[in-house]
Number of protein chains: 2
Amino acid sequence: MDRLSSTFAALADPTRRAILAKLSLGEASVTELAKPFAISMPAVTKHLKVLEGAGLISRSREAQFRPCKLEAAPMKEVSRWIEQYRWCWEESFDRLDAYLAEVQTAEKPGKKKKKKARKRH
Amino acid sequence: MDRLSSTFAALADPTRRAILAKLSLGEASVTELAKPFAISMPAVTKHLKVLEGAGLISRSREAQFRPCKLEAAPMKEVSRWIEQYRWCWEESFDRLDAYLAEVQTAEKPGKKKKKKARKRH
DNA sequence: TCATTAAATAACCAATTAGTTAAATAACGT
DNA sequence: ACGTTATTTAACTAATTGGTTATTTAATGA
């Protein structure tokens, strides 16, 4: 699977997003990460494998612990990808503006509706 | 499933991302969307259902066509979520800067290594 | 050496996913 | 009314996912 797909897939699970949130506060061991969840350790290990596979975390060894560390590089890729679409949702604001403008003018019944030029789509 | 999870899940497939890319150029019918892919129509219909379920597209009727339209609102949520982590990958740049700085000073053997204050993690 | 703690692996299960083909629906044009 | 085009639904399959319990590996410390 391509990088972007495996990153999105990894982020599509709330448990994994919670793990990332915790890791954003600093490194943590598997047991520490598992604590807030009502799932078994092997389940956590699997989630960590998914995150590691997407490059979202890296792991090291420290005595019997395997501390996890957030690696945000794939998120950067996601951010770049999603920014392509920013103009789409900002246009929605335009539309909201237009809507609100129309509501206002509608309250003064004498005025005609303005037809603003639309961007593509 | 929560909104963010279903959005990420929908985006985790390259076919669906390609469909969104095409829709960013304007509305399109199912057959038009299906054209670039070597998959059956029912498979495309299913992808569209996933995208619609995540709120990433909306559909209307126009004669026998069911035109699809990009709805970027969920992407906006994704963008907001990912921005939480921006400082993480920007810190990586800091680290790279620090590394490059060290490489440079290492080339002039008289100088000592600087120990910059680190942000959390 | 032996018990303890940390974590991973193995083997299994149920639900979901991404695809298929074949059949059904919906709207159009003649 | 009938054939065509657009799309969906149904029924099935193979692979993947997210979880489990039981077992194993790795490192610590007494």
Side-chain angles (χ1 to χ4, degrees), chain A residues 1-23 26-71 74, chain B residues 1-23 26-71 74:
Chain A
M1 221 199 313
D2 62 299
R3 177 64 140 224
L4 209 47
S5 295
S6 56
T7 303
F8 277 129
L11 296 177
D13 183 288
T15 302
R16 287 194 290 262
R17 289 199 304 279
I19 288 173
L20 292 176
K22 185 149 198 177
L23 287 180
E27 299 193 15
S29 71
V30 179
T31 316
E32 283 167 350
L33 290 171
K35 209 158 291 176
F37 306 110
I39 57 177
S40 63
M41 287 292 291
V44 175
T45 298
K46 284 191 183 181
H47 281 304
L48 294 177
K49 279 212 179 307
V50 173
L51 291 169
E52 194 175 17
L56 282 161
I57 65 167
S58 62
R59 325 197 51 183
S60 50
R61 166 153 321 261
E62 211 166 290
Q64 64 274 64
F65 304 90
R66 303 292 311 277
C68 301
K69 182 166 151 293
L70 182 63
E71 298 288 342
Chain B
M1 224 198 311
D2 62 297
R3 178 63 140 226
L4 209 47
S5 294
S6 54
T7 303
F8 278 129
L11 295 178
D13 182 289
T15 302
R16 287 195 288 264
R17 289 198 305 276
I19 288 174
L20 293 176
K22 185 151 201 176
L23 287 179
E27 296 193 17
S29 70
V30 179
T31 317
E32 283 168 350
L33 290 173
K35 209 158 292 176
F37 307 109
I39 58 176
S40 65
M41 288 293 292
V44 174
T45 298
K46 285 191 184 180
H47 280 305
L48 294 176
K49 279 212 180 308
V50 173
L51 290 169
E52 194 175 17
L56 283 161
I57 65 168
S58 61
R59 324 199 50 183
S60 49
R61 174 168 296 278
E62 211 166 289
Q64 62 274 65
F65 304 90
R66 303 292 309 278
C68 300
K69 182 168 152 294
L70 182 63
E71 298 289 342

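- Nearest approach of A:Ala34 to A:Met41, heavy atoms of both residues: CB-SD, 3.7 Å.
- Counting only residues at least two apart or on different chains, the side-chain hydrogen bond (donor to acceptor under 3.5 Å, both in side chains) pairs with a member in residues 39-56 of chain A are A:Arg16-A:His47.
- A:Ile39 approaches A:Ala43 most closely through the heavy-atom pair CD1-CB, 3.9 Å.
- Closest of all the heavy-atom pairs between A:Thr15 and A:Phe37 is O-CZ, 3.9 Å.
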Validation: residues 1-10 of chain B side-chain donor-acceptor distances under 3.5 Å, sequence neighbours left out:
{"residue": "B:Asp2", "atom": "OD1", "partner": "B:Ser5", "partner atom": "OG", "Å": "2.5"}
{"residue": "B:Asp2", "atom": "OD2", "partner": "A:Arg17", "partner atom": "NH2", "Å": "2.8"}
{"residue": "B:Asp2", "atom": "OD2", "partner": "B:Ser5", "partner atom": "N", "Å": "3.3"}
{"residue": "B:Asp2", "atom": "OD2", "partner": "B:Ser5", "partner atom": "OG", "Å": "3.2"}
{"residue": "B:Ser5", "atom": "OG", "partner": "A:Arg17", "partner atom": "NH1", "Å": "3.1"}
{"residue": "B:Ser5", "atom": "OG", "partner": "A:Arg17", "partner atom": "NH2", "Å": "3.0"}
{"residue": "B:Ser6", "atom": "OG", "partner": "B:Asp2", "partner atom": "O", "Å": "3.3"}
{"residue": "B:Ser6", "atom": "OG", "partner": "B:Arg3", "partner atom": "O", "Å": "3.1"}
{"residue": "B:Thr7", "atom": "OG1", "partner": "B:Arg3", "partner atom": "O", "Å": "2.8"}

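- For A:Gln64, there are no side-chain contact (heavy atoms from CB on, under 4.5 Å) partners at least two apart in sequence or on another chain.
- Sorted by residue number, the list of members of residues 2-19 of chain B with any non-hydrogen atom under 4.0 Å from DNA chain D is empty.
- Across all non-hydrogen atoms, the minimal contact from B:Glu27 to B:Lys69 is OE2-CD, 3.2 Å.
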If a protein heavy atom is under 4.0 Å from the base, mark B; if only from the sugar-phosphate, S; if neither, -; do that for nucleotides 6-15 of chain D going 5' to 3'. SSBB-B----

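- Counting heavy atoms from C-beta outward, B:Leu20 and B:Ile57 have side chains that approach closer than 4.5 Å.
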B:Leu48 and B:Arg66: side chain to side chain contact (heavy atoms under 4.5 Å, CB included), yes or no, with the steps? CA-CA 11 Å; B:Leu48 294 176; B:Arg66 303 292 309 278; over 6 Å; no

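- Heavy atoms of B:Ala43 sit under 4.0 angstrom from at least one base atom.
- The two residues A:Leu33 and A:Cys68 have their closest heavy-atom pair at CD1-SG, 3.9 Å.
- Chain A approaches DNA chain C over the interval C:dA6 to C:dA11, counting the first and last nucleotide 5' to 3' with an atom under 4.0 Å from its heavy atoms.
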